[in-house]
Structure formats: C-alpha cells, structure tokens
Number of protein chains: 2
Amino acid sequence: MDRHQTEKDDETSAPGRPTLKTLAFMTGLGVTTVSRALKDAPEIGAETRRRVQLVARQIGYRPNRAGVRLRTGKTNVISLVLNTEREIMSFVSDIIYGVSEVIADTPYHLIVTPYSRSQDPLDPIRYLVETGSADGVIISRAQPNDSRARYMLERGIPFATHGRTDMGLVHPYHDFDNYAFAAEAVRHLAGIGRRRLALLAPPVGLTYHGHTVNGFTDALSEVGASEVPFNTVSIDHSIEQIRMRTAQVMRRQDRPDGFVSSAAAATLAIVAGIEDAGLKLGRDVDVVSKQSSELLHLFRRELLVVNENFRLAGSELARSVLGWIGGAEPGSLQSLSLPGEVVAYHRPD
Amino acid sequence: MDRHQTEKDDETSAPGRPTLKTLAFMTGLGVTTVSRALKDAPEIGAETRRRVQLVARQIGYRPNRAGVRLRTGKTNVISLVLNTEREIMSFVSDIIYGVSEVIADTPYHLIVTPYSRSQDPLDPIRYLVETGSADGVIISRAQPNDSRARYMLERGIPFATHGRTDMGLVHPYHDFDNYAFAAEAVRHLAGIGRRRLALLAPPVGLTYHGHTVNGFTDALSEVGASEVPFNTVSIDHSIEQIRMRTAQVMRRQDRPDGFVSSAAAATLAIVAGIEDAGLKLGRDVDVVSKQSSELLHLFRRELLVVNENFRLAGSELARSVLGWIGGAEPGSLQSLSLPGEVVAYHRPD
DNA sequence: GTGACAAGCTGTAACGTTTCAGTATATTGC
DNA sequence: GCAATATACTGAAACGTTACAGCTTGTCAC
C-alpha cells in the first residue's frame with residue numbers, strides 16, 4: 001500500500017454486468033469473501049453467506065465464464081462430436097435435446113463439434129483436448145477398438161460414448177441393446193412364418209454392427225430360420241444403393257421373406273426396393289425396422305417397428321459425462337437401453 | 001523492478017500448452033511484441049513477424065480462448081437458439097451442419113441454446129445477451145413482430161433470423177420464399193386439374209405463415225381455383241391431429257382434391273388421413289409438399305414435392321452473422337432462397 | 001495474564017490476453 | 001552536430017476469478 005493505488009474505479013459509474021467486485025463493494029466485504037460466500041465455503045459466517053447470496057440474487061450476479069475458465073481451467077462446456085455426413089438425422093436432433101434437458105439446470109453449455117468424412121475422426125477430439133475446450137465430450141459411432149476413446153482415456157478427459165467399445169477399457173457409455181433388437185426381430189418374423197431373413201446392418205466397423213449381426217444370427221439358429229446374405233450394403237449407404245440392392249435380391253428365386261433393418265430411412269429404401277421388384281410388403285415379405293420417431297407406420301402400415309429413443313440416449317450420455325466430471329466411477333456410468341416389443345400397426349379409431 | 005519478481009517461472013519446466021509467454025521466451029522477444037506479430041500489426045518488423053509466426057506454427061500455438069475473452073469480451077461463439085419441441089427434425093440437423101461448414105475455418109464455436117415450450121422465447125436470448133455468451137446469435141421461427149429481434153437490435157448484438165420479420169427494422173435474415181412455394185404449388189395442382197385446394201400452413205404467428213397463406217390465396221384467384229378451409233391445424237400439430245382432421249375433411253362431399261403442405265412430416269399425416277377416408281392419392285386428390293430430404297417420393301410416389309435446403313439456410317445464416325460481426329451492413333446480409341420446381345416422381349432406372 | 005487456537009475475514013498473485021504508455025535506437029532535416 | 005521523428009520493441013495494467021498466505025478478534029485453557 002505504498003504508491004499508486006488509484007482507489008480502483010468508482011463502482012457506481014459503469015452499470016456493466018455485476019462482478020465480484022461489485023458485490024464486494026455493495027456488501028462492504030472483500031472480493032475473496034464474496035467469492036467464497038457464493039460457493040458456501042465453510043469459513044464464511046452463516047449470516048454473511050446469506051447476505052451475500054441475497055444481494056447476488058437481487059442484482060442478478062452471474063459469474064464471468066472467461067474469468068472462471070482462465071483461472072481454473074474449467075470450461076463448463078460439454079462437446080458433442082458429430083459426423084457431418086453419416087449421422088442419422090433424427091439422432092442429431094434428439095440427442096441434442098436430450099443432452100440439453102440434462103444440462104439445462106447446470107452451468108454447462110453444449111457445443112457441437114462436427115467433423116466430416118474426409119477427416120480423421122480423432123481430429124476434433126485432439127482439438128478439444130489440446131485446446132482444453134471442453135470439460136467433457138460425447139462421441140457417437142463407437143468402434144470396438146476406438147482410438148478416440150483410447151485417446152481421451154489416456155489424457156484423462158471425461159467422455160461418454162454412444163455405443164460400446166471392446167478394448168478391455170472401462171468408460172461411460174450408453175447403448176441400445178441391438179443384439180436384443182435383432183434377435184427379437186428375427187423371432188417375431190419367425191413367429192409369423194418367415195424363414196429366409198436378410199439383415200440390413202449398421203456399417204461394419206461400428207461396435208453395434210457386431211451386436212446386431214450376432215443377435216440376428218443367434219436368433220436365426222434358435223428359431224431354425226436361414227439367412228439371405230445382404231451385407232454388401234449397410235444403413236450408411238445411400239437410399240438409392242440400398243433400394244437397388246434390395247430390388248436385386250428380391251428378384252432372385254431364393255429371395256428373403258423377411259428383413260431386419262437397423263434404421264428407419266434405410267427401411268424406406270428397402271420397401272421401395274421390394275416394390276420395385278413387384279412384391280408386396282406384408283404378403284411376400286415382412287420387414288422389422290428400428291425407428292426413432294413414429295413415422296414408419298404411416299409410411300406402410302404393414303411395417304413392424306421397434307422404437308429407439310435417441311432423446312433418452314442424449315440424456316443418459318449427458319448424465320454420464322457430468323457424473324464423471326463430478327468424480328463418479330466411470331464404470332458406474334454405463335447404461336444399456338432394452339428394446340421394446342416389435343410393434344405392428346394398430347388402426348387408430 | 002524493486003522487490004519480489006521471482007524471475008517468473010522457468011519456461012522449460014511445465015510442458016503445458018504454449019502461451020504468448022512461451023513464444024516470447026523462445027523468440028527472445030517481449031510478450032507484447034509476440035502478440036502483435038501474430039496479428040500482423042504494422043509496427044512489427046517484417047522479419048520478426050515471420051520469425052514469430054514460424055515458431056508459433058511449429059510449436060502449435062493456439063490463443064487461449066479464456067484469455068482473449070476475458071480481455072476483449074470477444075467470445076468467438078455463435079449461438080443457435082432452438083425450440084426443443086417444435087423444431088423440425090431435419091431442420092435441426094441440417095442447419096447445424098450448414099452453420100458448421102461456414103465456421104469450420106474460423107475460430108468460432110457453435111453452441112446450441114435450447115428453450116422449451118413453457119419458456120418465453122426471449123429467455124434464452126436475454127441470457128445470452130446478459131451474460132455476453134456469444135458474439136452472434138441465430139434464431140429460427142421468426143415472427144412478424146419479433147421481440148427477440150427487437151431486443152437484440154436494441155442491445156446491438158449481431159444476429160440473423162431464419163425467416164423474415166415485419167417490424168420495419170432491418171436485420172440479416174435468410175428465408176425460403178414460401179410465397180412462391182405456395183403459389184407454385186397451387187399452379188401445379190391447377191395444372192393437373194385440381195380445383196378445390198386445402199392448405200396445411202405453418203403455425204399462425206410465424207412470419208412465413210402469412211407468406212404461405214398469401215401465396216396460396218393469390219395463386220388460387222389467379223388460376224380460379226377455390227379454397228377448402230383447413231386452418232384448424234398447422235404443421236406444428238401432432239401427426240395424429242393432422243391425420244384426423246384430414247380424414248374428416250376428406251369425408252365431406254365438398255372435400256378438397258388438392259393439398260399444399262408446408263412440411264414433410266405433416267404430409268405423411270395428410271396422406272394417412274386421405275387413406276383413412278378411403279381415398280387414393282393421385283386419383284382422388286394430389287398433394288404438393290415441401291420436404292428437406294428426399295424421402296417423400298419413397299413414401300408415396302404420387303406425392304409432388306418442392307425441396308427446401310436447410311443446410312444452405314444454415315450456411316447463409318452463419319455467413320450473415322459473421323458478416324455482421326465483421327462490420328458489414330445488416331441490410332446487405334439478407335437472402336431469400338427461391339423454391340425449385342414442383343417435382344413429380346421419376347422412376348429410377 | 002498469557003498462549004493457543006478457531007472463526008471470519010482480507011490482500012495479493014496468477015491464469016493468458018490486449019492495450020496503453022512508454023523506451024531505445026536509427027534516420028532524417030537543416 | 002543536434003533536434004525531431006520514425007521504427008521496433010517493451011513493461012505494466014487490466015479483464016474476473018480463485019488459491020494462498022495472511023491478519024484480526026474473540027474464546028478458552030491453564
């Protein structure tokens with residue numbers, strides 16, 4: 001307290017957003033005390049604490065994110081990393097809303113970090129980690145051996161994956177039980193007399209491709225049905241490709257009499273292909289499809305559907321990441337969503 | 001340079017992310033010089049500038065966002081404000097990717113700020129502005145008298161709206177020409193002999209409701225067709241509501257023989273309603289619908305569609321906001337996207 | 001009465017950046 | 001030869017926050 005010390009600013013002049021200094025001035029306390037009072041530190045008197053919090057609420061104090069971030073490194077940001085080309089449309093929308101629901105009452109913001117086909121999927125993750133841009137990350141399209149998960153695990157940054165990995169490493173995830181889905185679909189088709197089944201699977205490389213294929217084949221042998229190979233296309237292929245391939249296979253004499261489809265948009269293509277071949281859904285062939293919004297029954301009432309709730313997935317993923325950030329055990333933040341029944345169309349009255 | 005001055009840190013110890021100080025140490029320059037050299041300030045020698053930039057690139061220097069934000073108030077964030085319940089699904093996905101494309105080579109991050117039915121739409125905007133959380137904002141569902149736009153205009157925060165307003169205030173926007181869409185749809189229907197047309201419009205209250213209705217009615221009188229009132233539902237209503245209402249109207253003797261629908265999902269409901277009434281698309285009635293992804297033709301090949309590109313909208317909106325932030329005239333950042341032709345189904349070969 | 005200790009509060013420094021007000025050296029005008 | 005000026009650089013301060021190391025004051029043990 002020797003020289004300068006311009007008596008700081010006069011607090012009353014600029015009416016800009018209130019800071020700790022403003023609060024300190026108003027309460028007559030020190031900035032440090034105010035800071036601690038706001039976070040319920042134990043060494044602050046109970047009355048002081050209440051007084052500070054009251055004033056803070058009154059004048060609408062909001063901590064400056066940049067200040068906190070600079071000082072502590074905490075960003076209060078969750079990043080959702082998405083593939084710009086391959087992501088299912090309703091997935092993007094629903095998962096964002098699911099995440100939003102959960103972080104709504106937290107100080108967290110959601111930033112969307114996209115990457116495109118051409119890029120290494122690790123790129124956006126590296127960016128996030130290197131620049132410390134997020135406290136937690138959500139990734140989709142998990143792979144059995146997922147370099148992104150491995151990378152983040154090494155750097156110790158909290159994340160959650162949509163879909164499981166298979167590297168013997170434990171981390172939070174949320175997944176839909178695609179094994180159960182495929183198996184249930186096969187059983188249902190077998191139950192209505194279908195015996196030669198084709199599977200439109202998720203792209204090879206993603207973990208749930210394996211789950212789906214296993215559920216499919218296991219159930220096939222369980223019910224004694226046979227598989228019609230259909231693995232030259234996946235749900236990542238274009239509508240046109242799937243449609244043409246379906247039409248092709250449906251024109252063969254040993255054509256399938258049942259399909260299991262892992263995505264709604266792809267199902268539209270399958271149906272188109274079936275009809276291109278001059279066959280009729282529900283008579284010549286049945287299709288069980290996953291869907292994430294209730295639209296397939298409008299499309300063709302003969303379709304059989306199983307619902308997957310992406311909004312729920314978003315919420316679960318957000319909860320997992322926040323849990324990990326909050327210090328919970330990664331292993332306790334894993335969840336699996338069971339498919340509901342295969343549902344056939346019921347005429348609304 | 002009297003007391004303390006602990007010779008700062010030894011720069012070589014912690015290998016954390018490089019900062020200006022790191023660069024200053026490596027180049028032997030002052031922090032200020034480095035800062036200026038990196039932003040091509042004129043008072044820095046050409047060689048020094050190149051040297052600093054070289055080193056910065058080599059060691060992968062990235063400015064610390066919190067530091068910049070704290071000092072300058074610049075967040076390098078664009079916020080996309082979305083309604084959690086009412087937003088069209090493909091809209092969310094496409095617009096995000098559209099925005100992402102544009103901001104990919106900029107320092108900007110995209111944060112998604114959702115709000116729900118129950119909230120005042122102004123809430124999220126107020127939050128963003130009050131906390132200074134974004135340099136620019138994108139909002140959708142513009143209204144003729146839009147309190148959000150007015151609010152942001154008053155505070156001077158750059159934004160762009162998806163859809164136009166009608167308050168005599170100028171601000172950036174991107175819009176699809178829904179007047180032209182509806183008019184074109186009517187003309188097309190009239191061209192194939194349809195005379196009693198119904199419009200499934202956007203929700204009242206949004207600006208493009210008016211545009212659509214005007215285009216519809218203007219073209220009706222132009223071609224001498226008549227309107228079958230259908231304004232008890234809008235595209236914001238549930239599939240079931242639209243479906244029932246459609247079935248109702250289709251069972252009347254003066255039923256429409258043509259529909260114009262402003263959204264793809266709603267079109268599914270209209271078709272379902274038509275079929276509920278025992279009528280056949282393409283024979284008893286034709287439907288022209290907007291769509292944002294190429295799916296309606298798979299649904300019913302008789303459907304007539306007009307494409308609206310939401311990804312483009314996202315890109316345009318992002319460009320507008322960035323332009324405004326960059327100092328361009330708001331009035332020069334407005335764009336209108338013209339609808340393509342009404343397209344009927346063409347059998348892929 | 002003194003020492004120890006706890007309770008409650010405070011100032012300073014630091015996070016990384018940019019801005020402001022310089023300083024040192026070279027160049028020019030005359 | 002010297003002032004004026006331009007060039008190229010620099011340190012200190014500030015943005016808002018939290019961590020650290022204090023500082024008072026009061027209470028209690030003995």
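Convention: sequence-line order gives letters A, B, ...; per-chain numbering from 1.
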Anything under 3.5 Å between a donor and an acceptor, one on a side chain of residues 313-322 of chain A, the other on a protein residue two or more places apart or in another chain? List them.
{"residue": "A/S315", "atom": "OG", "partner": "A/G98", "partner atom": "O", "Å": "3.0"}
{"residue": "A/S315", "atom": "OG", "partner": "A/R311", "partner atom": "O", "Å": "3.3"}
{"residue": "A/S320", "atom": "OG", "partner": "A/E316", "partner atom": "O", "Å": "3.0"}
{"residue": "A/S320", "atom": "OG", "partner": "A/L333", "partner atom": "O", "Å": "3.0"}

Over the length of the helix from C/dG1-D/dC30 to C/dC30-D/dG1, how much do the five-pair end axes diverge, rounded to 10 degrees? 50°
Donor on one side chain, acceptor on other, A/N83 and A/R117, under 3.5 Å: no
Answer yes if the side chains of A/D146 and A/T165 hold a donor-acceptor pair under 3.5 Å, and no otherwise. no
From D/dT18, C/dC9, C/dT18, pick the nucleotide closest to the side chain of A/T48? C/dC9
Closest approach to the side chain of B/L20, judged atom by atom: which nucleotide of D/dC15, D/dT18, C/dT18 is it? C/dT18
Want to settle it: does B/V31 or A/K39 sit nearer the 5' end of DNA chain D, counting the closest nucleotide to each? B/V31
Hey, does [X] reach any base, or is it just sugar-phosphate, or nothing, if we go heavy atoms under 4.0 Å?
| X | value |
| --- | --- |
| B/S35 | base |
| A/T33 | base |
| B/G132 | nothing |

Using a strict heavy-atom distance below 4.0 Å, which residues from residues 53-71 of chain A are in contact with DNA chain C? A/L70, A/R71
Partners meeting salt bridge (charged side-chain N to carboxylate O under 4.0 Å, His left out) with B/R69 (sequence neighbours left out): none
Table of protein N/O atoms under 3.5 Å from nucleotides 20-23 of chain D N/O atoms:
{"residue": "D/dC20", "atom": "N4", "partner": "A/R36", "partner atom": "NH1", "Å": "3.4"}

Could you pull out every donor-acceptor pair under 3.5 Å between side chains of residues 34-48 of chain A and any protein atom, sequence neighbours left out?
{"residue": "A/R36", "atom": "NH2", "partner": "A/E43", "partner atom": "OE2", "Å": "2.5"}
{"residue": "A/D40", "atom": "OD1", "partner": "A/Q53", "partner atom": "NE2", "Å": "3.0"}

Should the pair B/H162 and B/F310 be assigned to parallel (<30°), tilted (30 to 60°) or perpendicular (>60°) ring geometry? perpendicular
